[in-house]
Amino acid sequence: MLGLNGTPFQPATLQLTGIPGMQTGQAWVALVFCTLYLISIIGNLTILVLVIQEPALHQPMYYFLSMLSLNDLGVSFSTLPTVLATFCFNNRHVDFDACLAQMFFIHIFSFMESGILLAMSFDRFVAICDPLCYATVLTNNRILAMGLGILAKSFTTLFPFPFLVKRLPFCKGNILHHSYCLHPDLMKVACGDIHVNNIYGLFVVIFTYGIDSTFILLSYTLILRAVLAIASREQRFKALNTCMSHVCAVLAFYVPIIAVSMIHRFWKSAPLVVHVMMSNVYLFIPPMLNPIIYSVKTKEICRGIRQVFCKSWG
């Protein structure tokens, strides 16, 4: 379907939706989302400030944690404008190009999170399997290079997405199923040949989530083998305990992804509200849980938070 000048027809705006079947409870939904945003933003900012200010946290593990917190802030801020506009101000329209920009940032931060979790698993692998070389392997320059590599990989793989969407005509309406813009959602209202988009999308998912999760699993297989070789039961427990925060963060990120994939694959007749709620869990829960997990399970972070509160109230 072409516009008057021969270019693919694209609507000036797209209409976002809230949660199906909850039109009468929008105020409560808005309160829940605002609470999630507040916890996520305050929690991740706290982690960043602690890592910057506390000399005891100037270690590779906490540098990677600060990357994760910074990325989680990116996830939160990329969805925040349209989610608040939809639920708090009932403003459901978003400019088409703004929607493409939001789609790009949501996906790039999601894929970067997977890469950062992989880097953190490598950090735990070196710390447990080769502790004597930990400081020489994970130098500040190498950590910076790993961070930039994750950014470059995510950016280059996702850069074609807005252009692949832009080339398509849209003749199936302009109503999306979420309060933010996602590539699969846009494909449902696009006309023309979307095979390129779907194939490239599958390639990107396998190239990021597939490869990253495989290497994370491999890292923990080697870590477990090294830990089981430790003679002392107390030392084994201590070594495994240093990994618990990261394992929880990995589960918080990948379990919703797997659940969304399983629902799309094996429960195609699921009500729309199920798909929407699972997408919300995938985008909103990890940024909220990660600072809580590391605050509870990491003694140094917990101690730093207590010191901040003591200084504030002292």
TODO: State yes or no: do Val205 and Phe207 share one hydrophobic cluster built from I, L, V, M, F, W and Y residues joined by side-chain heavy-atom distances below 4.5 Å, directly or via other members?
DONE: yes
Task: Euclidean distance, Ile305 CD1 relative to Ile47 CD1, rounded to 0.5 Å - done: 5.5 Å
Open item on the list: Surrounding OH of Tyr220 (heavy atoms of other residues, nucleotides or ligands, distance under 6.0 Å), is the total greater than 12?
Closed with: yes
- [ ] Give a yes-or-no answer on whether the side chains of Arg92 and Asn90 include a donor-acceptor pair shorter than 3.5 Å.
- [x] yes
TODO: Would you kindly confirm whether Ile211 and Val204 end up in one hydrophobic cluster when ILVMFWY residues are joined by side chain heavy atoms under 4.5 Å apart?
DONE: yes
- [ ] To the nearest 0.5 angstrom, please state how far the CZ atom of Arg124 sits from the CZ atom of Phe122.
- [x] 11.5 Å
- [ ] For Thr298 and Ser295, indicate whether the former's side chain and the latter's backbone hold a donor-acceptor pair under 3.5 Å.
- [x] no
Open item on the list: Applying salt bridge (Lys or Arg N to Asp or Glu O under 4.0 Å) as the test, list every pair that has at least one member in residues 238-261; sequence neighbours left out.
Closed with: none
- [ ] Measure the spacing between CG of Asp212 and OH of Tyr254 and express it to the nearest 0.5 Å.
- [x] 4.5 Å
Open item on the list: Main chain of Gly18, side chain of Ser179: is a donor-acceptor contact present, judged purely on distance under 3.5 Å?
Closed with: no
TODO: Locate the shortest heavy-atom distance separating Ala239 from Val227; write the atom from each residue and the value.
DONE: CB-CG2, 4.0 Å
Task: Over all atoms of both residues, closest heavy-atom pair of Gln102 and Ser78 - done: NE2-O, 2.9 Å
Task: Contact check, side chains of Phe215 and Ser121, non-hydrogen atoms, under 4.5 Å - done: no
Open item on the list: Starting from Phe155, can I reach Phe163 by hopping between I/L/V/M/F/W/Y residues whose side chains sit under 4.5 Å apart?
Closed with: yes
TODO: Using only heavy-atom distances, determine whether the side chains of Ser114 and Thr208 contain a donor-acceptor pair under 3.5 Å.
DONE: no
Open item on the list: If hydrophobic clusters are built by linking Ile, Leu, Val, Met, Phe, Trp and Tyr wherever their side-chain heavy atoms come under 4.5 Å apart, do Ile223 and Phe237 end up in the same one?
Closed with: no
Open item on the list: With salt bridge (Lys or Arg N to Asp or Glu O under 4.0 Å) as the rule and sequence neighbours excluded, what pairs involving residues 93-115 come up?
Closed with: Asp97-Lys166
- [ ] State, without any angle test, whether Tyr37 and Thr79 hold a side-chain donor-acceptor pair at a distance under 3.5 Å.
- [x] yes
Open item on the list: Taking the side chain as everything from C-beta on, heavy atoms only, tell me whether Thr82 gets closer than 4.5 Å to His178.
Closed with: no
Task: Pairwise distance CG(Asn290) to CE(Met288) - rounded to 0.5 angstrom - done: 9.5 Å
- [ ] Please assess Asp123 against Tyr62 for the test side chain to side chain donor-acceptor pair (under 3.5 Å), listing each intermediate value before the final yes or no.
- [x] CA-CA 10 Å; Asp123 167 80; Tyr62 301 108; over 6 Å; no
Open item on the list: Does His275 form a side chain to side chain contact (heavy atoms under 4.5 Å, CB included) with His177? I'd like the steps, not just the answer.
Closed with: CA-CA 9 Å; His275 294 278; His177 293 153; over 6 Å; no
Open item on the list: Please find the pair of heavy atoms, one from Leu228 and one from Arg236, that lie closest to each other, and give the distance.
Closed with: CA-CD, 4.1 Å
TODO: In sequence, state the C-alpha distance, the side-chain angles, and the governing distance for Ser261 and Ile258, and then conclude on side chain to side chain contact (heavy atoms under 4.5 Å, CB included).
DONE: CA-CA 5 Å; Ser261 301; Ile258 294 170; 5.7 Å; no
Task: Least distance between heavy atoms, Asn197 atom then Asp193 atom - done: OD1-O, 4.5 Å
Open item on the list: Test side chain to side chain contact (heavy atoms under 4.5 Å, CB included) on Ile19 and Phe87; report intermediate values, then the result.
Closed with: CA-CA 9 Å; Ile19 297 177; Phe87 290 106; 4.2 Å; yes
Open item on the list: Using the side chain to side chain contact (heavy atoms under 4.5 Å, CB included) definition, which of the options Ile116, Ile150, Leu117 pairs with Asn71?
Closed with: Ile116
Task: Nearest heavy-atom neighbours spanning Leu48 and Ser69 - done: CG-CB, 4.1 Å
TODO: Please answer: with hydrophobic residues joined when any side-chain heavy atoms are less than 4.5 Å apart, are Leu202 and Tyr200 in the same cluster?
DONE: no
TODO: Show your working on side chain to side chain contact (heavy atoms under 4.5 Å, CB included) between His183 and Leu186 and close with a plain yes or no.
DONE: CA-CA 5 Å; His183 181 261; Leu186 286 167; 5.7 Å; no
TODO: Determine the interplanar angle of the His107 and Phe111 rings, folded into 0 to 90°, and report it as parallel if under 30°, tilted if 30 to 60°, perpendicular if over 60°.
DONE: parallel
TODO: Determine the minimum heavy-atom distance between Cys133 and Thr136, stating which atoms define it.
DONE: O-OG1, 2.9 Å
- [ ] First locate atom OG of Ser110, then atom CG of Leu158, and finally report the distance between them rounded to the nearest 0.5 Å.
- [x] 9.0 Å
Task: Result of checking Leu272, Thr86, Ile175 against Thr17 for side chain to side chain contact (heavy atoms under 4.5 Å, CB included) - done: Ile175
Task: Any side-chain donor near an acceptor of the partner, Asn44 and Tyr294, under 3.5 Å - done: no
Task: Separation of Met103 CE from Asp185 CG (nearest 0.5 Å) - done: 11.5 Å
- [ ] Would you kindly say whether the two SG atoms, from Cys99 and from Cys181, are closer than 2.5 Å?
- [x] yes
